[in-house]
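Quick note: numbers below take in every heavy atom, side chains included, and nothing from hydrogens, waters or symmetry partners.
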Amino acid sequence: MTGREWAVVTGASGGLGEAFCERLARDGLHVVLAARSTGPMEQTAERLRTRYGVEALVVGCDLGTGEGRRTLLDATADLEVGVLVNNAGFGIVGDFAGTDPGRLEQMVTLNCVAVAALARAYAPAMVARRRGAIVNVASTAAFQPLPGMAAYAASKSFVLSLSQAMWDELRPHGVAVLGLCPGATATGFFEVAGDDAVLSRRRTPDQVVDTCFVALRQGRPSVVDGALNKGLAASARLAPVRVALAAAKRVLRT
């Protein structure tokens, strides 16, 4: 292995995670791809090796479990990880009272516990080297309660709040932290969530990644991707709760 730094990208089997892997490899970093489905990641990894001359390590693991997180940490224990992209997560569309309890627990664990645990695992070495970057993928859903995706929005509020506090704590040590808030994006997210018809106007993964890297260069604690999404997030924060709830329900069906 060469002496170049590595980037760890979770949820790397497609969509936004794959786009992050492509950009990071293009920028010259070796890449660790982590997700449950290894087949798509192996294809991506081979493309990155051939196209950019970097190393790419595929780690099959379920980050929603302690065992899965340990698998990733053990696989990267000897690597100099300079970038962590906490992208793994999923949502559930539907009424909260009708949500499958097991599925709900899996979502909150992956969206919240895994994000915090992995950031905590990789941050100390970055602090010791006085350089590094952690990107936690939140969502525009973090800015308001979202009937029909209640627990998902709450989980992303956790990610955003955590990221902003981490930014303040780690910035003096040379480590950048960004809470990235995409809106609806053209990935498999809504199919997994159970309703691919919601939020039909979607940004591309490459657009989201572009927004992320600009915000990192600017040293920002968080960023919302896309002009329309920025407007919706800002209005949600200013509106009374009942107004924000009604607006959120309408937006979910556009």
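- A donor-acceptor pair is defined here as one N or O able to donate and one able to accept, closer than 3.5 Å; such a pair exists between the side chain of R69 and the backbone of L63.
- In terms of modelled atom types and a separation under 3.5 Å, the side chain of D100 and the main chain of G102 share a donor-acceptor contact.
- Nearest heavy-atom pair, L104 versus A151, reported as atom, atom and distance to 0.1 Å: CD1-CB, 3.4 Å.
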### Task
Verify side chain to side chain contact (heavy atoms under 4.5 Å, CB included) between W167 and I134, making sure each step is shown before the conclusion.
CA-CA 9 Å; W167 174 85; I134 298 173; over 6 Å; no

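- Between the T99 side chain and the F96 main chain, a donor and an acceptor come within less than 3.5 Å of each other.
- Between L48 and E22, the closest heavy-atom pair is CD2-OE1, 3.6 Å.
- No chain of hydrophobic side-chain contacts below 4.5 Å, direct or via other Ile, Leu, Val, Met, Phe, Trp or Tyr residues, connects V113 to L73.
- In this structure, R131 places its CZ atom where more than 12 heavy-atom neighbours from other residues, nucleotides or ligands lie under 6.0 Å away.
- Taking OG1 from T76 and OH from Y122, the interatomic distance works out to 2.5 Å, rounded to the nearest 0.5 Å.
- The minimum heavy-atom distance between C21 and V9, with the atom names listed, is SG-CB, 3.7 Å.
- Under the 4.5 Å side-chain heavy-atom criterion for ILVMFWY residues, a single connected hydrophobic cluster contains both V93 and V108.
- The distance from atom CG of N111 to atom OG of S157, rounded to the nearest 0.5 Å, is 11.5 Å.
- Taking both residues in full, the closest heavy atoms of G53 and R4 are given as O-NH2, 3.2 Å, listed atom of the first, atom of the second, then distance.
- Each of V159, L180, L178 was checked for a side-chain contact (heavy atoms from CB on, under 4.5 Å) with N136, and the lone residue meeting it is V159.
- With K156 contributing its side chain and V137 its backbone, the two residues share a donor-acceptor pair below 3.5 Å.
- Judged purely by atom type and a 3.5 angstrom limit, R47 has no side-chain atom pairing as donor or acceptor with the backbone of E42.
- Annotation for S222 and Q164: closest pair OG-NE2, 3.2 Å, computed over non-hydrogen atoms.
- A distance of 7.5 Å separates CG in L110 from OG1 in T10, rounded to the nearest 0.5 Å.
- The CD atom of E5 sits 8.5 Å away from the CE atom of M126 when rounded to the nearest 0.5 Å.
- Looking only at distances, a side-chain donor or acceptor of N87 sits under 3.5 Å from a matching main-chain atom of G11.
- Annotation for Q218: atom CD counts as buried by contact number, over 12 foreign heavy atoms lying within 6.0 Å.
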#### Entry: salt bridge (charged side-chain N to carboxylate O under 4.0 Å, His left out) assessment of E46 paired with R49
CA-CA 5 Å; E46 184 57 34; R49 297 182 193 111; 3.1 Å; yes

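- Contact check for V31 versus T44: no side-chain heavy atoms found under the 4.5 Å cut-off.
- Atom CG of L29 is separated from atom CD of E55 by 12.0 Å, given to the nearest 0.5 angstrom.
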### Message
With side chain to side chain contact (heavy atoms under 4.5 Å, CB included) as the criterion, how do V32 and L72 come out once you've worked through the C-alpha distance, each side chain's angles and the decisive distance to 0.1 Å?
### Response
CA-CA 9 Å; V32 177; L72 175 59; 4.0 Å; yes

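- Listed for the T204 side chain is a donor-acceptor partner under 3.5 Å among the backbone atoms of Q207.
- Hydrophobic clustering of Ile, Leu, Val, Met, Phe, Trp and Tyr side chains at less than 4.5 Å, counting indirect connections, keeps V209 apart from V214.
- Checking side-chain atoms of D225 against main-chain N and O of G183 turns up no donor-acceptor pair under 3.5 Å.
- Linking ILVMFWY residues whenever their side-chain heavy atoms come closer than 4.5 Å, directly or via other members, places L146 and F90 in the same cluster.
- Put simply, L118 and V127 are part of the same group of oily side chains (I, L, V, M, F, W, Y) that touch within less than 4.5 Å, one to the next.
- Between G91 and Y152 the shortest heavy-atom distance is CA-CD1, 3.5 Å.
- Taking 4.5 Å as the limit, some side-chain heavy atom of R23 sits within range of a side-chain heavy atom of D210.
- Within the model, atoms CG of L24 and CH2 of W6 stand 12.5 Å from one another, a figure rounded to the nearest 0.5 Å.
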